[in-house]
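First up is the structure itself, then whatever we jot down about it.
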Amino acid sequence: MRMRGILLILFLGLIACTEQPSERKTERKGVSLEQIKQDLLGKKVEYALPGFGNPVRTWNFTSPSEFVGINIDGRLDREDYLERTISMTLQDAKTRERYHCKMQIGYDRYDGKWVLGKYDILEFTVLE
(Lines give C-alpha, C1' and ligand atoms only; values in the text may rest on other atoms or scores of the structure.)
Protein backbone atom coordinates (compact mmCIF):
# COMPACT_ATOMS: atom_id res chain seq x y z
CA MET A 1 0.00 0.00 0.00
CA ARG A 2 2.81 2.37 0.89
CA MET A 3 4.57 1.51 -2.38
CA ARG A 4 1.44 2.47 -4.35
CA GLY A 5 1.39 5.85 -2.64
CA ILE A 6 5.03 6.46 -3.51
CA LEU A 7 4.47 5.40 -7.12
CA LEU A 8 1.42 7.66 -7.35
CA ILE A 9 3.41 10.62 -6.05
CA LEU A 10 6.25 9.89 -8.50
CA PHE A 11 3.77 9.54 -11.37
CA LEU A 12 2.03 12.83 -10.55
CA GLY A 13 5.40 14.56 -10.23
CA LEU A 14 6.43 13.19 -13.61
CA ILE A 15 3.23 14.51 -15.21
CA ALA A 16 3.76 17.93 -13.64
CA CYS A 17 7.33 18.06 -14.93
CA THR A 18 6.34 17.12 -18.47
CA GLU A 19 3.53 19.70 -18.62
CA GLN A 20 5.62 22.69 -17.54
CA PRO A 21 8.01 22.77 -20.52
CA SER A 22 5.14 22.62 -23.01
CA GLU A 23 3.43 25.49 -21.17
CA ARG A 24 6.65 27.49 -21.27
CA LYS A 25 7.02 26.70 -24.96
CA THR A 26 3.53 28.06 -25.62
CA GLU A 27 4.29 31.23 -23.66
CA ARG A 28 7.44 31.87 -25.68
CA LYS A 29 5.87 31.36 -29.09
CA GLY A 30 5.92 34.43 -31.23
CA VAL A 31 8.67 36.11 -33.19
CA SER A 32 12.38 35.83 -32.62
CA LEU A 33 14.94 38.58 -33.05
CA GLU A 34 16.20 36.79 -36.15
CA GLN A 35 12.70 36.75 -37.63
CA ILE A 36 12.31 40.47 -36.89
CA LYS A 37 15.59 41.23 -38.71
CA GLN A 38 14.58 39.11 -41.69
CA ASP A 39 11.13 40.70 -41.83
CA LEU A 40 12.60 44.22 -41.85
CA LEU A 41 14.89 43.46 -44.80
CA GLY A 42 13.56 45.16 -47.90
CA LYS A 43 11.57 47.69 -45.87
CA LYS A 44 12.30 51.40 -45.73
CA VAL A 45 11.42 53.98 -43.11
CA GLU A 46 11.56 57.75 -43.02
CA TYR A 47 13.12 59.68 -40.16
CA ALA A 48 14.45 63.10 -39.30
CA LEU A 49 17.44 63.54 -37.03
CA PRO A 50 16.78 65.61 -33.89
CA GLY A 51 17.05 69.36 -34.28
CA PHE A 52 15.28 72.14 -36.10
CA GLY A 53 15.22 72.07 -39.87
CA ASN A 54 16.79 68.66 -40.42
CA PRO A 55 15.54 67.07 -43.63
CA VAL A 56 13.54 63.86 -43.69
CA ARG A 57 15.77 60.95 -44.63
CA THR A 58 15.12 57.35 -45.58
CA TRP A 59 16.69 54.21 -44.11
CA ASN A 60 16.54 51.10 -46.28
CA PHE A 61 16.99 47.79 -44.49
CA THR A 62 19.10 46.04 -47.14
CA SER A 63 21.44 43.63 -45.36
CA PRO A 64 21.56 41.57 -42.15
CA SER A 65 25.03 43.05 -41.53
CA GLU A 66 23.44 46.47 -40.85
CA PHE A 67 22.07 45.13 -37.55
CA VAL A 68 24.89 45.60 -35.05
CA GLY A 69 22.57 44.98 -32.09
CA ILE A 70 18.88 44.46 -31.42
CA ASN A 71 16.84 44.18 -28.20
CA ILE A 72 13.19 43.87 -27.31
CA ASP A 73 12.26 46.63 -24.86
CA GLY A 74 8.53 45.99 -24.61
CA ARG A 75 5.92 43.51 -25.73
CA LEU A 76 2.20 43.06 -26.10
CA ASP A 77 0.92 39.56 -26.85
CA ARG A 78 -2.58 38.71 -27.95
CA GLU A 79 -3.91 35.61 -29.62
CA ASP A 80 -3.75 37.00 -33.16
CA TYR A 81 -1.55 40.08 -32.70
CA LEU A 82 1.93 40.76 -31.32
CA GLU A 83 3.51 44.14 -30.78
CA ARG A 84 7.15 44.73 -29.94
CA THR A 85 9.10 47.85 -29.06
CA ILE A 86 12.64 47.22 -30.24
CA SER A 87 15.93 49.10 -29.96
CA MET A 88 18.57 48.59 -32.60
CA THR A 89 22.08 49.73 -33.32
CA LEU A 90 22.39 50.04 -37.08
CA GLN A 91 25.47 50.65 -39.18
CA ASP A 92 25.39 52.24 -42.63
CA ALA A 93 27.33 49.94 -44.96
CA LYS A 94 28.69 52.83 -47.04
CA THR A 95 29.55 55.50 -44.46
CA ARG A 96 30.10 53.13 -41.50
CA GLU A 97 28.11 55.58 -39.32
CA ARG A 98 26.16 54.00 -36.49
CA TYR A 99 22.63 54.89 -35.50
CA HIS A 100 20.29 54.14 -32.63
CA CYS A 101 16.83 53.23 -33.87
CA LYS A 102 13.79 52.55 -31.71
CA MET A 103 10.76 51.09 -33.46
CA GLN A 104 7.33 49.75 -32.68
CA ILE A 105 6.47 46.77 -34.84
CA GLY A 106 3.28 44.75 -35.05
CA TYR A 107 2.60 41.22 -36.26
CA ASP A 108 -0.71 39.69 -37.30
CA ARG A 109 -1.33 35.95 -37.37
CA TYR A 110 -2.35 34.57 -40.77
CA ASP A 111 -2.76 30.83 -41.31
CA GLY A 112 -0.82 30.12 -38.11
CA LYS A 113 2.16 32.31 -39.08
CA TRP A 114 3.19 35.74 -37.79
CA VAL A 115 3.29 38.38 -40.54
CA LEU A 116 4.86 41.82 -40.08
CA GLY A 117 2.20 44.46 -40.62
CA LYS A 118 3.31 47.58 -38.79
CA TYR A 119 6.77 49.10 -38.39
CA ASP A 120 6.97 52.64 -37.07
CA ILE A 121 10.02 54.69 -36.09
CA LEU A 122 9.92 56.10 -32.56
CA GLU A 123 13.50 57.43 -32.42
CA PHE A 124 16.41 57.64 -34.82
CA THR A 125 19.69 59.25 -33.74
CA VAL A 126 23.35 59.23 -34.77
CA LEU A 127 25.69 57.47 -32.34
CA GLU A 128 28.99 59.19 -31.78
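Small disclaimer: the values here were computed from a predicted structure and weren't measured. All values below were derived from every heavy atom in this structure, side-chain atoms included, with hydrogens, water molecules and symmetry-related copies excluded.
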Note to self: Show, in sequence, the C-alpha distance, side-chain angles and deciding distance for W59 and L90, and conclude whether the side chain to side chain contact (heavy atoms under 4.5 Å, CB included) test is met.
What the structure shows: CA-CA 10 Å; W59 180 274; L90 302 171; 3.7 Å; yes
Check: So how far is it from L127 CG to R98 CZ, rounded to the nearest 0.5 Å?
Finding: 8.0 Å
Margin query: For residues Y119 and L41: do they belong to one hydrophobic cluster (side chain heavy atoms under 4.5 Å, members Ile, Leu, Val, Met, Phe, Trp, Tyr)?
Written below: yes
Next item on the list: State which residues pass side-chain hydrogen bond (donor to acceptor under 3.5 Å, both in side chains) with S32; sequence neighbours excluded, sorted by chain then number.
Entry: none
Notebook entry, point to check: Do V126 and M103 belong together in a cluster built from hydrophobic side chains that touch within less than 4.5 Å?
Noted result: yes
Note to self: For L40 and V45: C-alpha separation, side-chain torsions, deciding distance, then whether side chain to side chain contact (heavy atoms under 4.5 Å, CB included) applies.
What the structure shows: CA-CA 10 Å; L40 286 173; V45 292; over 6 Å; no
Note to self: My understanding is that only residues two or more places apart in sequence, or in another chain, count here; which of them pass salt bridge (Lys or Arg N to Asp or Glu O under 4.0 Å) with D80?
What the structure shows: R109
Notebook entry, point to check: Got a sec, which residues hit salt bridge (Lys or Arg N to Asp or Glu O under 4.0 Å) with E97, two or more places apart in sequence or on another chain?
Noted result: none
Check: Can you pull the salt bridge (charged side-chain N to carboxylate O under 4.0 Å, His left out) pairs that have at least one residue in residues 33-45, sequence neighbours excluded?
Finding: E34-K37
Next item on the list: Evaluate the side-chain proximity of L76 to L82: yes if any heavy-atom separation is below 4.5 Å, no if none is.
Entry: no
Next item on the list: Quick one: list whatever passes side-chain contact (heavy atoms from CB on, under 4.5 Å) with E46, sequence neighbours left out.
Entry: V56, T58
Check: For D92, which residues count as a side-chain hydrogen bond (donor to acceptor under 3.5 Å, both in side chains) partner, sequence neighbours excluded?
Finding: none
Next item on the list: Mind running side chain to side chain contact (heavy atoms under 4.5 Å, CB included) on H100 and S87 for me, showing each step along the way?
Entry: CA-CA 7 Å; H100 167 74; S87 292; 3.9 Å; yes
Notebook entry, point to check: So, for Q35 and W114, which heavy atoms are closest and what is the spacing to 0.1 Å?
Noted result: NE2-O, 3.4 Å
Item checked: All salt bridge (Lys or Arg N to Asp or Glu O under 4.0 Å) counterparts of K118, not counting sequence neighbours -> E83
Notebook entry, point to check: If you round to the nearest 0.5 Å, how far is CD1 of I121 from NZ of K102?
Noted result: 12.0 Å
Between side-chain atoms of residues 60-71 and protein atoms elsewhere (two or more places apart, or another chain), which donor-acceptor pairs fall under 3.5 Å?
{"unit_1": "T62", "atom_1": "OG1", "unit_2": "E66", "atom_2": "OE2", "d": "2.8"}
{"unit_1": "S63", "atom_1": "OG", "unit_2": "S65", "atom_2": "N", "d": "3.1"}
{"unit_1": "S63", "atom_1": "OG", "unit_2": "S65", "atom_2": "OG", "d": "2.8"}
{"unit_1": "E66", "atom_1": "OE1", "unit_2": "T62", "atom_2": "N", "d": "3.1"}

Margin query: On a heavy-atom basis, which atom in Q104 and which in T85 lie closest, and how many Å separate them?
Written below: NE2-OG1, 4.0 Å
Next item on the list: Applying ring pair (Phe, Tyr, Trp, His ring centres under 6.0 Å), name anything that partners Y47, two or more places apart in sequence or on another chain.
Entry: F124
Next item on the list: Could you identify which residues cluster with V115, counting Ile, Leu, Val, Met, Phe, Trp and Tyr as linked when any side-chain heavy atoms lie under 4.5 Å apart, either directly or through a chain of such contacts?
Entry: Y110
Notebook entry, point to check: With side chains defined as the heavy atoms from C-beta onward, is the minimum distance between I86 and D73 less than 4.5 Å?
Noted result: no
Notebook entry, point to check: Between CZ of R84 and CD1 of I36, what distance do you get to the nearest 0.5 Å?
Noted result: 7.0 Å
